[in-house]
Amino acid sequence: MISQLISHSISINKKLFTLLIDPDQHTTESLTNLSKNADESGVDLIFVGGSLLNNDIDKSFELIKKNTNIPALLFPGSLLQITNKADGILLLSLISGRNPDLLIGNHVIASARIKRSNLEVLPTGYILIEGGKSTSVEYMSNTKPIPAEKIDIAVATAMAGEMLGLKYIYLEAGSGAKTSINIKIIKGVKENISIPLIVGGGIKTPNDVKIAVNAGADIIVVGNVIEQNPEILPELVKACQNS
Ligand code: 1GP
């Protein structure tokens with residue numbers, strides 16, 4: 001179970017490094033190479049998803065699973081991105097936004113299919129924070145991110161998510177964000193929730209990883225910079241392990 005892996009890691013104070021893969025950015029060859037690179041670099045988790053979906057998600061999971069034993073979860077950008085080839089699904093409720101489809105509507109539509117799939121479900125409060133530029137998630141979700149300086153609103157949103165029974169909080173600056181999540185927000189949220197904290201968006205360097213981990217992130221998510229420069233992956237994983 002992925003939830004057990006996460007809670008065990010937290011109990012021994014081990015931070016988890018997650019590679020985010022957008023299948024649309026890959027050919028068979030590049031996805032094979034990236035999966036092998038993830039395996040060799042010591043990546044803990046893989047999230048798979050994107051704003052659009054042109055490539056076959058089943059095939060992407062098959063390729064990932066063939067080349068690595070790392071647990072791979074769906075990080076769905078839409079209802080189309082559900083497959084039982086994954087090990088689990090981050091069932092995201094976009095609690096920073098006020099778009100009812102992304103708070104509950106899509107979940108109602110997908111619930112029977114998710115149940116039939118037997119996927120492990122990780123109920124996640126997804127909180128979008130301004131990251132210095134407009135991002136795909138902001139446009140596609142038709143929601144406004146929480147302003148980066150509104151720490152109190154971000155903290156209250158995360159607390160409300162936990163009170164509603166969500167099991168994970170994901171602070172998201174958006175893929176390719178100019179600035180990653182403000183450490184004051186990470187610290188403030190961490191101090192006020194007791195569920196695992198996932199942080200991603202705009203993390204580009206080993207130092208960015210260290211800053212997020214030291215501020216309180218339990219799970220770091222990195223995607224964009226690895227698409228651009230796959231060689232950086234081992235260094236980023238090491239920074240997460242050694243923080
Ligand atoms: C986006 O948090 C993830 O959903 C990762 O963001 O692609 O900027 O690393 P980047």
Side-chain angles (χ1 to χ4, degrees), residues 2-21 34-48 68-73 75 90 122 124-132 146 148-149 151 154-155 158-159 161-162 167-243:
I2 295 158
S3 56
Q4 282 170 359
L5 182 150
I6 296 172
S7 40
H8 174 69
S9 300
I10 290 175
S11 73
I12 59 170
N13 204 25
K14 175 186 179 338
K15 307 299 175 180
L16 296 171
F17 186 93
T18 305
L19 168 65
L20 172 66
I21 298 178
L34 180 59
S35 307
K36 288 182 182 165
N37 182 1
D39 215 48
E40 285 159 14
S41 305
V43 165
D44 298 294
L45 295 169
I46 293 176
F47 291 171
V48 180
T68 164
N69 291 319
I70 302 166
L73 289 115
F75 174 56
L90 280 191
L122 282 76
T124 304
Y126 194 44
I127 301 178
L128 187 56
I129 312 275
E130 232 175 36
I146 297 175
E149 71 284 0
I151 296 151
V155 171
M159 283 167 56
E162 180 176 23
K167 302 286 188 241
Y168 302 87
I169 292 294
Y170 190 146
L171 294 175
E172 171 70 277
S175 193
K178 209 159 142 193
T179 46
S180 48
I181 305 284
N182 176 343
I183 61 167
K184 287 188 189 153
I185 292 188
I186 302 178
K187 278 190 179 154
V189 167
K190 184 66 186 172
E191 279 165 16
N192 285 284
I193 61 168
S194 56
I195 51 179
L197 179 59
I198 307 169
V199 174
I203 295 175
K204 301 178 193 76
T205 65
N207 197 42
D208 292 344
V209 172
K210 279 194 181 145
I211 288 172
V213 165
N214 291 333
D218 297 303
I219 303 175
I220 295 289
V221 186
V222 185
N224 217 51
V225 75
I226 299 159
E227 310 283 2
Q228 291 161 13
N229 176 18
E231 287 79 41
I232 199 176
L233 183 56
E235 278 176 63
L236 295 173
V237 177
K238 257 193 215 113
C240 184
Q241 290 166 347
N242 298 334
S243 296

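Numbering of residues begins at 1 and proceeds along the displayed sequence.
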Undergrad: Minimum heavy-atom separation for C240 and I220, please, with both atom names.
TA: SG-CG1, 4.4 Å

Undergrad: Listed by chain and number, what are the side chain to side chain donor-acceptor pair (under 3.5 Å) partners of S3, not counting sequence neighbours?
TA: E120

Undergrad: Give me the atom names and distance for the closest heavy-atom approach of V237 to G42.
TA: CG1-O, 3.6 Å

Undergrad: Can you run down the salt bridge (Lys or Arg N to Asp or Glu O under 4.0 Å) pairs that involve residues 214-233, sequence neighbours left out, and say none if there aren't any?
TA: K15-D218, K190-D218

Undergrad: What closest approach, in Å, do I146 and A154 show between heavy atoms, and which atom pair accounts for it?
TA: CD1-CA, 4.0 Å

Undergrad: For the CD1 atom of I21 and the CG atom of L34, what is their distance to the nearest 0.5 Å?
TA: 4.5 Å

Undergrad: Which pairs count as salt bridge (Lys or Arg N to Asp or Glu O under 4.0 Å) when at least one residue sits in residues 168-177, sequence neighbours excluded?
TA: none

Undergrad: Residues two or more places apart in sequence or in another chain: which of them pass side chain to side chain contact (heavy atoms under 4.5 Å, CB included) with T179?
TA: none

Undergrad: Could you give the distance from CD1 (I211) to CD1 (I183), rounded to the nearest 0.5 Å?
TA: 7.0 Å

Undergrad: Of all the heavy-atom pairs spanning L19 and A38, show the shortest one and how long it is.
TA: CD2-CB, 3.8 Å

Undergrad: What distance separates I186 CD1 from N214 CG, expressed to the nearest 0.5 Å?
TA: 10.0 Å

Undergrad: Say you draw a straight line from CD1 of I219 to CG of L45; how long is it, rounded to the nearest 0.5 Å?
TA: 6.0 Å

Undergrad: Applying side chain to side chain contact (heavy atoms under 4.5 Å, CB included), name anything that partners N242, two or more places apart in sequence or on another chain.
TA: K238

Undergrad: Of all residues at least two apart in sequence or in a different chain, which pass the ring-ring contact (aromatic ring centres under 6.0 Å, His included) check with Y126?
TA: F75, Y170

Undergrad: Table please: side-chain donor-acceptor pairs of residues 194-209 below 3.5 Å, with sequence neighbours left out.
TA:
unit_1	atom_1	unit_2	atom_2	d
S194	OG	E162	OE2	2.5
K204	NZ	A177	O	3.0
K204	NZ	K178	O	3.0
K204	NZ	G202	O	3.3
T205	OG1	N207	N	3.4
T205	OG1	D208	N	3.0
T205	OG1	D208	OD1	3.3
T205	OG1	D208	OD2	3.4
D208	OD2	K204	N	2.9
D208	OD2	T205	N	3.2

Undergrad: By side chain to side chain contact (heavy atoms under 4.5 Å, CB included), which residues pair with P230, not counting sequence neighbours?
TA: N37

Undergrad: So, using ring-ring contact (aromatic ring centres under 6.0 Å, His included) as the criterion, who are the partners of F17 when residues are at least two apart?
TA: none

Undergrad: Between F47 and L90, is any pair of side-chain heavy atoms under 4.5 Å apart?
TA: yes

Undergrad: Any pair with a residue in residues 194-203 that passes salt bridge (Lys or Arg N to Asp or Glu O under 4.0 Å), sequence neighbours left out, goes on the list, sorted by first then second residue, please.
TA: none

Undergrad: With sequence neighbours excluded, what pairs up with S35 under the side chain to side chain contact (heavy atoms under 4.5 Å, CB included) test?
TA: L31, I64, N67, T68

Undergrad: To the nearest 0.5 angstrom, please state how far the OG atom of S41 sits from the CD1 atom of I70.
TA: 8.0 Å

Undergrad: How long is the span from the CD1 atom in I129 to the CD1 atom in I185, to the nearest 0.5 Å?
TA: 4.0 Å

Undergrad: Taking only residues two or more places apart in sequence or in another chain, which ones pass side chain to side chain donor-acceptor pair (under 3.5 Å) with K14?
TA: D44

